[in-house]
Amino acid sequence: MTHVASMLKTYPKDLGDIDQDKLTECIAACFECAQTCTACADACLSEDMVAELTKCIRTNLDCADVCASTGKVLSRHTGYDANLTRAILQACEAACKACADECEQHKDMHEHCKVCAEMCRRCERACNELASSLG
């Protein structure tokens, strides 16, 4: 059991009808994506052709911030607001799609962009699946 799942199970109140497996996966994917995007931006900054990676770096950093914020919001349950949850999931899904699309343009030259694109697609799917499961 992951720490995310353990923390959800220790929450003292009923989490309602939210799918805890999808919630667990989405929180984990968000935080992992935030780290991956941050590392990809840093790797891009170390490339000799850094000037050609400006958009990739910016997209990585934006995605990392959105993913980290989404993971934090999803980790809080007191005073739950389904509309806010849906909105932040949509924003995260959009950020992950944009980042994956950008990184895929560089994946043949930069392995870190390939890894980042794969992680962004995973997070994009997790956000979509959780959002689709909300009542």
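It should be emphasised that the depicted structure is a prediction, and the values quoted were computed from it without experimental measurement.
Looking at V50 and C44, their side chains never come closer than 4.5 Å, going by heavy atoms from C-beta outward. For the pair C123 and F31, the minimum side-chain heavy-atom distance is 4.5 Å or more. Annotation: side chain of C127 is in contact with side chain of C30 (closest heavy-atom distance under 4.5 Å).
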Legend entry - Audit row: K13, H77, side-chain contact (heavy atoms from CB on, under 4.5 Å) steps and yes/no: CA-CA 9 Å; K13 304 281 185 188; H77 307 288; over 6 Å; no
Legend entry - Evaluation steps, side-chain contact (heavy atoms from CB on, under 4.5 Å), between C67 and C37: CA-CA 9 Å; C67 287; C37 289; 5.6 Å; no
Inset, instruction - Go through the steps to decide whether M119 and K114 satisfy the test side-chain contact (heavy atoms from CB on, under 4.5 Å), and finish with yes or no. - result: CA-CA 9 Å; M119 185 64 237; K114 179 181 177 186; over 6 Å; no
Legend entry - Criterion salt bridge (Lys or Arg N to Asp or Glu O under 4.0 Å) on E93 and R125, from CA distance to verdict: CA-CA 8 Å; E93 189 177 346; R125 280 190 306 276; over 6 Å; no
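Counting all heavy atoms, side chain and backbone alike, C40 lies closest to C103 at SG-SG, 4.1 Å. Scanning all heavy atoms of the two residues, the minimum distance from C116 to N60 falls at SG-ND2, 3.6 Å. Residues H106 and C113 approach most closely at CB-SG, 3.7 Å, considering heavy atoms. Taking both residues in full, the closest heavy atoms of C99 and T59 are given as CA-CG2, 3.3 Å, listed atom of the first, atom of the second, then distance. A pairwise comparison of heavy atoms in A126 and E25 identifies CB-CG, 4.1 Å as the closest pair. Summarising the geometry of T70 relative to C92, their closest heavy-atom pair is OG1-CB, 3.4 Å, with the distance given to 0.1 Å.
Here the CZ-CG distance, from R76 to D81, works out to 12.0 Å after rounding to the nearest 0.5 Å. Note that NZ of K22 is 9.5 Å distant from CG of N128, once rounded to the nearest 0.5 Å. Interatomic distance, L8 CG to H3 NE2, rounded to the nearest 0.5 Å: 13.0 Å.
Residues M109 and L53 share a single hydrophobic cluster, defined by chaining ILVMFWY side chains whose heavy atoms lie under 4.5 Å apart. Both Y11 and I18 sit in one connected hydrophobic cluster of ILVMFWY residues. Membership requires side-chain heavy atoms under 4.5 Å apart, directly or through other members. Residue L23 is not grouped with residue I88 when hydrophobic side chains (ILVMFWY) are merged at heavy-atom distances under 4.5 angstrom, including chains of intermediate members. Under the 4.5 Å side-chain heavy-atom criterion for grouping Ile, Leu, Val, Met, Phe, Trp and Tyr, L89 is not connected to V73 through any hydrophobic cluster.
For N83 and R86, the side-chain atoms include at least one donor-acceptor pair closer than 3.5 Å. Of the N and O atoms on the side chains of H112 and E47, at least one donor lies less than 3.5 Å from an acceptor on the other residue.
Put simply, the residue from L130, D21, V4, D19 that forms a side chain to side chain contact (heavy atoms under 4.5 Å, CB included) with C26 is L130.
For the pair S69 (side chain) and V66 (backbone), a donor-acceptor distance under 3.5 Å is absent. Proximity of a side-chain donor or acceptor of Y80 to a complementary backbone N or O of T85 within less than 3.5 Å is not detected.
Salt bridge R121/E124: present, at least one basic N to carboxylate O contact under 4.0 Å.
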